[in-house]
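Scroll down for the structure; my scribbles are underneath it.
Hydrogens, waters and symmetry mates are skipped; everything else that's a heavy atom, side chains included, is used. We're numbering straight along the sequence, starting at 1. Note that the coordinates shown come from a computational prediction; the quantities given were computed from them, not determined experimentally.
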Amino acid sequence: MLSRTTTVIAAASAKSSQLFGFGINNSSSNNLCCTRTTSTSRTSNLSWNFMNSNKHKCRKSRMEERFTTRASAQPLTNADDLIDSVETFIFDCDGVIWKGDKLIDGVPQTLDMLRSKGKRLVFVTNNSTKSRKQYGKKFETLGLNVKEEEIFASSFAAAAYLKSINFPKDKKVYVIGEEGILKELELAGYEYLGGPEDGGKKIELKPGYLMEHDESVGAVVVGFDRNFNYYKIQYGTLCIRENPGCLFIATNRDAVTHLTDAQEWAGGGSMVGAIRGSTQREPLVVGKPSTFMMDYLANEFGILKSQICMVGDRLDTDILFGQNGGCKTLLVLSGVTTLPVLQSPDNSIQPDFYTNKISDFLSLKAATV
């Protein structure tokens with residue numbers, strides 16, 4: 001069986017070093033390295049193998065990245081060329097398909113055109129507040145015909161990751177996040193605690209007070225949480241610091257998110273940052289730009305990564321996600337990233353192409369006929 005091993009940066013507990021399978025490329029983590037072995041076997045046969053990193057190599061890698069230049073992104077001028085060069089388009093959702101609860105102009109027609117050309121469409125979001133099924137309903141509400149199996153949210157990725165490492169069913173998962181994570185954990189057969197239920201809990205600090213926690217918690221999953229509070233911070237911190245081998249898993253580290261189309265709002269990275277600060281541990285990130293979801297998708301659908309184009313509005317998640325996976329990349333300026341930010345000398349992440357919005361596939365196509 002052919003295999004390919006690469007070294008990627010990731011954070012992991014001592015417990016996960018005994019497990020084997022997919023590798024996670026957490027570009028923001030620098031304290032541990034893992035070895036990834038990919039093969040032609042299906043996802044169910046994959047597991048994890050993490051190992052302690054050589055700090056000197058990690059520092060050297062970061063130095064090399066500093067002096068590596070990438071060709072500047074080119075404006076998309078001929079959509080047909082890009083469309084014909086790939087079999088699959090992976091779309092981010094927030095800022096690409098919709099903003100808040102408002103559909104971005106031209107999206108339905110663009111998706112219909114791509115499907116008519118026989119392209120596979122996949123929708124990947126770092127937003128963990130909904131499950132795949134719930135996202136399916138959102139697509140339906142916006143008038144888009146998208147199947148549940150075409151949707152991959154970071155809430156699903158968290159549960160899929162636990163399954164991939166054969167996380168013990170006698171261990172519990174403490175959730176700092178919303179309903180989407182709970183639903184996906186339940187579907188995967190894992191017992192959980194926390195989530196919205198802990199949103200109203202408060203700690204009454206008084207002399208000699210000791211906060212108890214469940215010692216059977218083997219993983220803390222942190223995602224976007226609109227009811228984030230000090231109780232959750234302390235509970236999650238106790239589990240990670242005091243439960244031997246407890247995993248610290250983040251659905252994403254996004255700085256901002258689109259709760260409405262009027263402005264940007266603090267994202268899941270703010271919740272992850274609080275736990276990282278209190279535990280002094282780097283999380284395992286299962287959402288973008290980690291390669292976990294890309295590896296999962298490639299195996300699930302049997303897709304060659306060179307035949308994928310990742311379309312997104314964020315440089316540090318969407319575009320990096322595509323680049324880490326060896327895919328073509330297209331940045332749309334309908335969400336977080338602006339043209340001045342893309343072209344800034346301080347920006348080192350350059351997509352292959354950029355355009356204003358995905359409906360440019362239609363106008364640029366027409367212009368080249």
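- Checked by atom type and distance alone, the side chain of Asp318 pairs as donor or acceptor with a backbone atom of Asp313 at under 3.5 Å.
- With respect to the salt-bridge test (charged N to carboxylate O, under 4.0 angstrom), the residues Lys288 and Asp254 do not qualify.
- Counted within 6.0 Å of NZ on Lys133, heavy atoms from surrounding residues, nucleotides or ligands total 12 or fewer; the atom is thus considered open.
- Comment: Arg253 engages Glu282 in a salt bridge, judged by a side-chain N to carboxylate O separation of less than 4.0 angstrom.
- For the atom pair Ile97 CD1 and Ile358 CD1, the distance stands at 4.0 Å (nearest 0.5 Å).
- Closest non-hydrogen pair, Thr237 versus Ser278, comes out as OG1-OG, 2.7 Å.
- If you take CE on Met293 and OG1 on Thr125, they are separated by 8.0 Å, rounding to the nearest 0.5 Å.
- The neighbour count for Lys169 NZ, taken as heavy atoms of other residues, nucleotides or ligands under 6.0 Å away, is above 12.
- Arg115 has a carboxylate O that lies under 4.0 Å from a charged side-chain N of Glu150, or vice versa, which qualifies the two as a salt bridge.
- For Asp225 and Lys232, the salt-bridge test passes: some basic side-chain N is under 4.0 Å from an acidic carboxylate O.
- Within the model, atoms NZ of Lys171 and CD of Glu215 stand 9.0 Å from one another, a figure rounded to the nearest 0.5 Å.
- In terms of heavy-atom proximity, Ile275 sits nearest to Thr279 at O-OG1, 2.7 Å.
- Interatomic distance, Glu264 CD to Leu259 CG, rounded to the nearest 0.5 Å: 10.5 Å.
- Checking each of Phe139, Phe156, Phe152 against Phe123 for a ring pair (Phe, Tyr, Trp, His ring centres under 6.0 Å) leaves exactly one that passes, namely Phe139.
- The environment of Glu242 atom CD is dense: over 12 non-hydrogen atoms of other residues, nucleotides or ligands sit within 6.0 angstrom.
- In terms of heavy atoms, Leu103 sits closest to Leu142 at CD2-O, 3.7 Å.
- Relative to the six-membered ring of Phe248, Arg281 misses at least one condition, a distance below 6.0 Å or an angle of at most 45° to the axis.
- For the atom pair CD (Gln350) and CD (Gln323), the distance works out to 8.5 Å, reported to the nearest 0.5 Å.
- When all heavy atoms of Ser128 and Gly223 are compared, the closest pair comes out as OG-CA, 3.7 Å.
- Stacking of Lys130 on the aromatic ring of Tyr135 is recorded, both the 6.0 Å distance cut-off and the 45° axial limit being met.
- Closest of all the heavy-atom pairs between Tyr161 and Leu284 is OH-CD1, 3.3 Å.
- Here the rule is ring pair (Phe, Tyr, Trp, His ring centres under 6.0 Å) with Tyr174, and of Tyr231, Tyr235, Tyr192 only Tyr235 fits it.
- Residues Ile83 and Lys117 come closest through the heavy atom pair CG2-CD, 3.7 Å.
- The neighbour count for Glu197 CD, taken as heavy atoms of other residues, nucleotides or ligands under 6.0 Å away, does not exceed 12.
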